Amino acid sequence: MTWTSVLLFFFCARLFSFVFSSRRPRIAPIPPHTCSIAIFLGSGGHTSEALKLTSSLDFNRYTPRTYVVSEGDAFSAQKALTLEHIKASDAVSSDHLPQYKLLTIPRARRVHQPLLTTPPDAVKSLLVCVYLISICPLFNKGAFRRPFADLLILNGPGTCVILYAAVLLNKLIGLPSTRVMYVESFARVRSLSLSGKLLYHFVDRFVVQWPDLVQPGGREDHRGCLV
């Protein structure tokens, strides 16, 4: 019982410290030559928005790229491959092959799935995310103490919360952690999505696309419409 209390206290202290520090202004680090990036493609409109953001990036700078899709989402996987092929055909002067990969994670909750049957699927999704984000990078050759990616972009829906939970676990236990930027959907004009509300206090940067979502003293970063 004593050890359980100690572990619980340590966990709460780490969580409090992390949330408090995320509110402090940060000095931007000197950017490296390249930045590895992961993009969660949440299917449908979320995928379209995420890929629209990705297409505006300099692929020579943001490399390698990891596209994370939900199980059974062939649409998002195909759209990511199409974007990579378009970028590769445009970069006719490049001597380097495109550096990207696709990762598939279980859905935390299927459309219209009853809430009572959701927890087992959510736990399965979390375990896979922990394996990909926390465990696999420790065994990458020549990349010890390197995070899963330098930057993770989230745009919703619910499975992205599970994906972030794995990143948060790394932060709490001291493993290399990915910086996370959440970009609220273009469709959210006056109120945040449920995923946005859950991640609001935790992600490194929270971007909104409409001025009505900016709260006085809040963490919202409004840069206009991005998609």
Side-chain angles (χ1 to χ4, degrees), residues 7-8 11-12 14-16 18-19 22 36-51 53-54 65-77 79-80 101-138 147-185 187-188 192-208 219:
L7 291 175
L8 181 61
F11 177 83
C12 292
R14 288 284 293 177
L15 182 61
F16 176 80
F18 169 72
V19 173
S22 68
S36 61
I37 186 172
I39 309 99
F40 177 66
L41 306 180
S43 78
H46 293 286
T47 289
S48 298
E49 290 190 21
L51 291 179
L53 289 170
T54 307
R65 295 166 297 284
T66 301
Y67 299 95
V68 184
V69 300
S70 297
E71 196 172 40
D73 187 6
F75 169 83
S76 295
K79 286 292 185 180
K101 62 182 176 181
L102 285 168
L103 294 179
T104 301
I105 61 175
R107 291 181 182 273
R109 182 172 183 261
R110 298 184 299 274
V111 178
H112 303 308
Q113 181 179 1
L115 291 177
L116 290 177
T117 63
T118 298
D121 288 345
V123 170
K124 178 182 177 182
S125 180
L126 177 61
L127 291 176
V128 172
C129 290
V130 169
Y131 173 75
L132 294 174
I133 291 176
S134 304
I135 299 177
C136 286
L138 298 177
F148 161 73
D150 295 322
L151 174 65
L152 170 63
I153 297 178
L154 303 176
N155 176 246
T159 302
C160 77
V161 177
I162 301 297
L163 189 62
Y164 180 78
V167 175
L168 179 60
L169 177 64
N170 277 21
K171 294 177 182 289
L172 293 176
I173 64 178
L175 288 176
S177 58
T178 300
R179 299 195 65 165
V180 181
M181 179 171 68
Y182 185 90
V183 181
E184 186 59 280
S185 173
R188 308 303 301 195
L192 298 179
S193 63
L194 178 58
S195 299
K197 292 176 181 177
L198 292 173
L199 298 179
Y200 181 83
H201 295 286
F202 297 96
V203 295
D204 296 284
R205 177 163 293 183
F206 193 93
V207 180
V208 296
R219 304 189 65 227

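Along the sequence shown, residues carry numbers from 1. For clarity, every value in this text was computed on a predicted model and none was experimentally measured.
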Would you indicate whether the side-chain heavy atoms of Asp204 and Tyr182 approach each other to under 4.5 Å?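 No, side chains not in contact.
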Can you confirm whether more than 12 heavy atoms, excluding those of Arg205, are under 6.0 Å from its CZ atom?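 No, the 6.0 Å shell around CZ holds no more than 12 heavy atoms from other groups.
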How long is the straight-line distance from CG of Leu168 back to CZ of Phe202, given to the nearest 0.5 Å?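 Spacing of CZ (Phe202) from CG (Leu168) equals 6.5 Å.
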Under 3.5 Å donor-acceptor, [X] side chain and [Y] backbone:
{"X": "Ser76", "Y": "Asp73", "result": "no"}
{"X": "Arg219", "Y": "Val203", "result": "yes"}
{"X": "Thr118", "Y": "Arg109", "result": "no"}
{"X": "Asn170", "Y": "Leu175", "result": "no"}
{"X": "Ser193", "Y": "Gly196", "result": "yes"}

Judged by modelled atom types alone, do Ser36 and Asp150 share a side-chain donor-acceptor pair under 3.5 Å?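 Their side chains do contain a donor-acceptor pair, which is all the 3.5 Å distance test asks for.
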Given the rule in the side chain to side chain contact (heavy atoms under 4.5 Å, CB included) test, do Ile37 and Leu152 qualify, once you have shown the distances and angles that lead to the verdict? CA-CA 6 Å; Ile37 186 172; Leu152 170 63; over 6 Å; no
List the steps, then state whether side chain to side chain contact (heavy atoms under 4.5 Å, CB included) holds for Leu103 with Val69. CA-CA 6 Å; Leu103 294 179; Val69 300; over 6 Å; no
I'd like a table of donor-acceptor pairs (distance under 3.5 Å, sequence neighbours excluded) in which one partner is a side-chain atom from residues 120-131, with atom names and distances.
unit_1	atom_1	unit_2	atom_2	d
Asp121	OD2	Arg110	NH1	3.1
Asp121	OD2	Gln113	NE2	2.7
Ser125	OG	Pro106	O	2.9

Give the C-alpha distance, both sets of side-chain angles, the deciding distance and a yes or no for side chain to side chain contact (heavy atoms under 4.5 Å, CB included) between Phe206 and Val183. CA-CA 6 Å; Phe206 193 93; Val183 181; over 6 Å; no
